[in-house]
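Reading through the structure tokens given below for one structure.
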Amino acid sequence: MAKPAFDTLRALAIASQAIGFITIITLGTLMEEGARYWQGVTLAVMVVFALGIAVARLYRRNKWRKRRDAAHHDGND
């Protein structure tokens with residue numbers, strides 16, 4: 001089974017990180033010194049989102065491996 005050319009989780013990870021960095025820069029530009037707290041909150045949300053995507057990728061990879069192993073095992077009997 002070939003991997004798909006477009007990985008939705010990868011695209012979601014890239015988009016979320018880009019949005020987070022744009023938000024951090026925008027907050028720093030608009031709020032100046034008052035933005036530090038909100039920039040930290042934004043960074044924390046980015047990290048949590050990235051960890052969630054990493055867990056989803058791990059789950060998807062393990063699920064794919066189980067299917068591949070089951071198909072390989074059934075073919076040898």
request  = Work out which heavy atom in Ala50 is nearest to a heavy atom in Gln17; give both atom names and the distance.
outcome  = CB-NE2, 4.0 Å

Euclidean distance, [Y] [atom2] relative to [X] [atom1], rounded to 0.5 Å:
{"X": "Trp64", "Y": "Asp69", "atom1": "CH2", "atom2": "CG", "result": "8.5 Å"}
{"X": "Thr42", "Y": "Leu27", "atom1": "OG1", "atom2": "CG", "result": "5.0 Å"}
{"X": "Ile25", "Y": "Leu30", "atom1": "CD1", "atom2": "CG", "result": "12.0 Å"}

request  = Test Met31 against Arg36 for side-chain contact (heavy atoms from CB on, under 4.5 Å), laying out the working first.
outcome  = CA-CA 9 Å; Met31 296 177 69; Arg36 297 285 183 226; over 6 Å; no

message = If hydrophobic clusters are built from ILVMFWY residues whose side chains come within less than 4.5 Å, do Phe49 and Leu9 share one?
response = yes

request  = Kindly determine whether Met46 and Ile24 satisfy side-chain contact (heavy atoms from CB on, under 4.5 Å), including the steps that lead there.
outcome  = CA-CA 11 Å; Met46 289 170 61; Ile24 288 172; 4.0 Å; yes

message = If you apply the rule side-chain contact (heavy atoms from CB on, under 4.5 Å), what do you find for Arg67 with Asn62, and how did you get there?
response = CA-CA 9 Å; Arg67 273 192 260 148; Asn62 287 342; over 6 Å; no

ask   = Considering residues, nucleotides and ligands other than Arg68, do more than 12 of their heavy atoms fall under 6.0 Å from its CZ?
value = yes

